[in-house]
2 protein chains.
Amino acid sequence: MNKCDQCIVRQLSSLKALNKDEVVKLANSKTTYKIKKGDAIFEEGEVTNGVFCIKDGVGKLSKLSANGKDQIVKLVQAGELLGQRSMISNEPANLSAKAVADMEVCFIPKSEILHFFNNNNQFSMNLMQSVCEDLKESENDKIALVQKTVKQRLAETLLHLHDTFGENEDKTLKVQLTREELAGIIGTATESCIRLLSDFNKLDLIELVGKKIMLKNIKALKKMAE
Amino acid sequence: MNKCDQCIVRQLSSLKALNKDEVVKLANSKTTYKIKKGDAIFEEGEVTNGVFCIKDGVGKLSKLSANGKDQIVKLVQAGELLGQRSMISNEPANLSAKAVADMEVCFIPKSEILHFFNNNNQFSMNLMQSVCEDLKESENDKIALVQKTVKQRLAETLLHLHDTFGENEDKTLKVQLTREELAGIIGTATESCIRLLSDFNKLDLIELVGKKIMLKNIKALKKMAE
DNA sequence: AATATAATATGATAATTATCATAACTGGAA
DNA sequence: TTCCAGTTATGATAATTATCATATTATATT
């Protein structure tokens with residue numbers, strides 16, 4: 001009985017195309033790590049030489065700007081692979097990957113992935129599609145950044161977080177981001193983000209439960225985001 | 001003697017990995033089109049069922065917003081492939097492709113590309129790397145949109161156009177974009193773009209030769225863009 | 001060449017968003 | 001508990017950018 005076989009990453013990512021033998025090979029070459037909230041999996045400019053499977057937790061891909069702000073490019077969750085792009089491009093990481101919630105990840109060496117890529121057409125197609133999906137999302141984000149106001153982007157992002165990560169028993173968003181991180185996703189100043197959350201609260205679109213956020217009027221948020 | 005063999009796209013794109021037999025197959029399945037400046041190669045939402053090789057000219061990938069503005073995601077030139085992403089993702093095009101200068105393109109059916117993808121590891125790796133390159137660029141653009149001012153983005157874009165497309169004998173930029181298109185690339189209002197070009201002109205960073213633009217102080221533009 | 005149409009230019013103003021300042025709250029460490 | 005550091009909150013103001021109005025210039029069409 002090998003551990004990769006039942007792993008959520010095996011079920012959700014490109015790795016689902018691997019056959020029994022390949023999964024065994026995978027299990028033998030992987031290394032498992034635990035990453036504490038706030039810690040980095042890899043930093044911008046580092047050569048990673050492989051990909052990371054996210055078994056548990058939530059991570060963010062971000063880039064630090066000259067003025068010290070951290071622009072978040074993407075949030076990643078259990079089941080996803082990390083570091084595919086720089087591995088394929090043979091380049092140092094363009095972004096840093098840090099844990100937003102405690103994470104458990106496995107590292108798979110590049111040689112292993114390339115072997116699968118060259119010998120398993122379904123795997124290479126899956127990997128390709130996953131990068132294409134990222135590209136589409138990135139392009140759409142880019143367009144939203146230009147064509148939408150900060151208010152619209154906040155509404156959109158709250159809905160997206162709700163869709164992607166779900167809610168706790170108390171109906172608050174499951175991913176717990178700081179206001180600064182949220183601002184980093186929508187691309188605005190932390191104060192602006194806080195201010196708009198206050199506004200949304202007053203308009204009964206959301207409710208602020210301490211630092212947590214509960215979506216109260218999803219319909220109105222959708223209308224605002226469109 | 002077959003025509004694809006000497007084609008610039010064959011030399012520059014993922015297609016460089018194809019062997020003689022594959023190029024013959026390619027030549028037999030392709031269709032050639034001429035696209036007039038301003039006309040579309042494909043529109044957002046269309047199912048393309050293949051990729052387009054750009055033999056000559058310049059194109060733009062863009063998305064129309066609700067308020068009627070055309071946000072340009074990427075410019076493409078001779079030697080590049082178009083429509084890879086939606087073909088791989090099995091989705092209608094996310095963006096429209098239109099000619100910025102008269103173009104000559106060849107259409108390669110999806111079945112052909114998939115056959116190469118599954119049978120030629122170097123080709124699939126090249127294709128993958130090309131999508132990864134697009135992803136990296138898109139992510140960096142996204143960050144620039146948030147972290148840089150319109151002025152910085154204009155400087156950056158002018159330099160990028162200069163690098164990528166070169167200059168005419170009179171030193172003006174070779175790609176001739178309207179101010180509206182330029183605004184669509186940097187993500188701002190046309191008037192703002194025009195105003196800043198005026199400012200740059202007064203500061204002797206550029207010179208406006210009718211509708212054409214000549215970069216006069218590249219060093220200063222670089223400093224401004226940083 | 002004359003006219004129409006579109007592109008470029010510039011001014012005035014409004015809206016959006018960032019920045020700086022400071023206060024209130026929160027969660028953890030001693 | 002009490003204090004401290006970090007986060008959240010809000011006000012005041014400045015900077016950036018969009019919008020609307022209107023010239024001016026270029027390009028195309030008859």
Side-chain angles (χ1 to χ4, degrees), chain A residues 36-38 65-71 100-102 144-158 172-173 175-203 206-214 224-225, chain B residues 36-38 65-72 100-101 144-158 172-173 175-203 206-214 224-225:
Chain A
K36 282 241 163 302
K37 177 173 172 171
S65 74
N67 60 30
K69 275 190 196 163
D70 212 29
Q71 167 69 12
V100 164
D102 288 357
L145 276 175
V146 171
Q147 299 185 338
K148 295 190 176 179
T149 63
V150 173
K151 192 192 283 183
Q152 289 179 303
R153 270 142 51 202
L154 175 57
E156 185 176 65
T157 299
L158 290 175
T172 59
L173 290 181
V175 254
Q176 181 132 357
L177 301 168
T178 64
R179 304 293 192 253
E180 192 180 0
E181 284 169 330
L182 193 52
I185 293 176
I186 65 181
T188 191
T190 306
E191 298 95 321
S192 300
C193 175
I194 290 174
R195 220 180 292 276
L196 284 173
L197 284 173
S198 277
D199 293 349
F200 283 15
N201 193 9
K202 277 166 201 153
L203 291 171
I206 63 174
E207 189 177 326
L208 299 176
V209 186
K211 301 189 175 184
K212 295 195 222 163
I213 299 170
M214 179 200 302
M224 176 172 272
Chain B
K36 282 242 164 299
K37 177 173 173 174
S65 73
N67 60 30
K69 275 190 196 164
D70 212 30
Q71 167 69 13
I72 298 182
V100 164
L145 276 176
V146 171
Q147 297 184 339
K148 296 189 174 179
T149 63
V150 173
K151 192 191 284 186
Q152 289 179 303
R153 271 143 51 203
L154 175 58
E156 184 175 66
T157 300
L158 290 174
T172 58
L173 290 181
V175 254
Q176 180 133 358
L177 301 168
T178 64
R179 305 293 193 256
E180 192 180 359
E181 285 170 330
L182 191 54
I185 294 175
I186 66 182
T188 189
T190 306
E191 298 95 319
S192 300
C193 175
I194 290 174
R195 220 181 293 275
L196 285 172
L197 284 173
S198 276
D199 293 351
F200 282 16
N201 192 9
K202 277 166 202 153
L203 291 170
I206 64 174
E207 189 178 326
L208 299 177
V209 185
K211 301 190 175 183
K212 297 196 221 160
I213 299 169
M214 179 199 302
M224 177 172 271

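Each chain gets a letter, A, B and so on, in the order the sequences are listed, and its residues count up from 1. Quick caveat: nothing in here was measured; it's all calculated off a predicted structure.
If you measure from atom CD of B:Glu207 to atom P of C:dA9, you get 13 Å, rounded to the nearest angstrom. We find that CD of A:Gln152 is positioned 14 Å from P of D:dA18, with the value rounded to whole Å. The interatomic distance linking A:Leu145 (CG) with D:dA18 (C1') rounds to 17 Å, in whole Å. Summarising the geometry, the separation between CG on B:Leu208 and C1' on D:dT25 is reported as 13 Å, rounded to the nearest angstrom. In this structure, the CG atom of B:Leu154 is 14 Å from the P atom of C:dT8, given to the nearest Å. Atom NZ of A:Lys211 and atom P of C:dC25 are 13 Å apart (whole Å). The interatomic distance linking A:Ile213 (CD1) with D:dT8 (P) rounds to 9 Å, in whole Å. The distance from atom CD of A:Gln176 to atom C1' of D:dT8 is 13 Å, rounded to the nearest whole Å.
In this structure the side chain of B:Ile213 reaches within 4.5 angstrom of the side chain of B:Arg179, judged on heavy atoms. The side-chain heavy atoms of A:Glu181 and A:Thr178, taken from C-beta on, include a pair separated by under 4.5 Å. At a threshold of 4.5 Å between non-hydrogen side-chain atoms, the residues A:Leu177 and A:Ile185 count as touching. Side-chain contact check for A:Thr149 versus A:Met224: every heavy-atom pair is 4.5 Å or farther apart.
The local environment of CD in A:Gln152 is crowded, with over 12 non-hydrogen atoms from other residues, nucleotides or ligands closer than 6.0 Å. Surrounding CD of B:Glu180 are at most 12 heavy atoms belonging to other residues, nucleotides or ligands under 6.0 Å away.
In summary, of the residues considered (A:Leu208, A:Ile206, A:Val209), a side chain to side chain contact (heavy atoms under 4.5 Å, CB included) with A:Thr172 occurs for A:Val209 alone.
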Expected rows: protein N/O vs nucleotides 1-5 of chain D N/O, under 3.5 Å:
none

Taking only N/O atoms, report every protein-nucleotides 15-17 of chain C pair under 3.5 Å with atom names and distance.
| unit_1 | atom_1 | unit_2 | atom_2 | d |
| --- | --- | --- | --- | --- |
| C:dT17 | OP1 | A:Val150 | N | 3.0 |

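Looking at which nucleotide of DNA chain D each of B:Arg195 and A:Thr190 is closest to, the 5′-most match is held by A:Thr190. For the pair B:Gly210 and A:Lys69, both in contact range of DNA chain C, the more 5′-proximal nearest nucleotide belongs to B:Gly210.
Note that CD of B:Gln176 and CG of B:Leu182 are 11.5 Å apart. Values are rounded to the nearest 0.5 Å. To the nearest 0.5 Å, atoms CG (A:Asp70) and CD (B:Gln147) are separated by 8.5 Å. The CD atom of B:Gln71 sits 9.5 Å away from atom CG of A:Leu145, with the distance rounded to the nearest 0.5 Å.
Residue-level contact check: B:Leu197 touches neither bases nor backbone, having no heavy atom under 4.0 Å from any strand.
Of all heavy-atom pairs between B:Arg153 and B:Ile186, the closest is NH2-O, 2.7 Å.
Remark: side-chain polar atoms of B:Lys148 are paired, donor with acceptor, to backbone N or O of B:Ala225 under 3.5 angstrom.
Between the side chain of B:Arg179 and the base of D:dT25, no donor-acceptor pair of N or O atoms lies under 3.5 Å.
Of the listed nucleotides (D:dA9, C:dT10, C:dC20), C:dT10 has the atom at the smallest distance from the side chain of B:Ile194.
When the C1' atoms of four end pairs are superposed on the next four at each end of the helix from C:dA1-D:dT30 to C:dA30-D:dT1, using five pairs per end, the two resulting axes differ in direction by 40°, to 10°.
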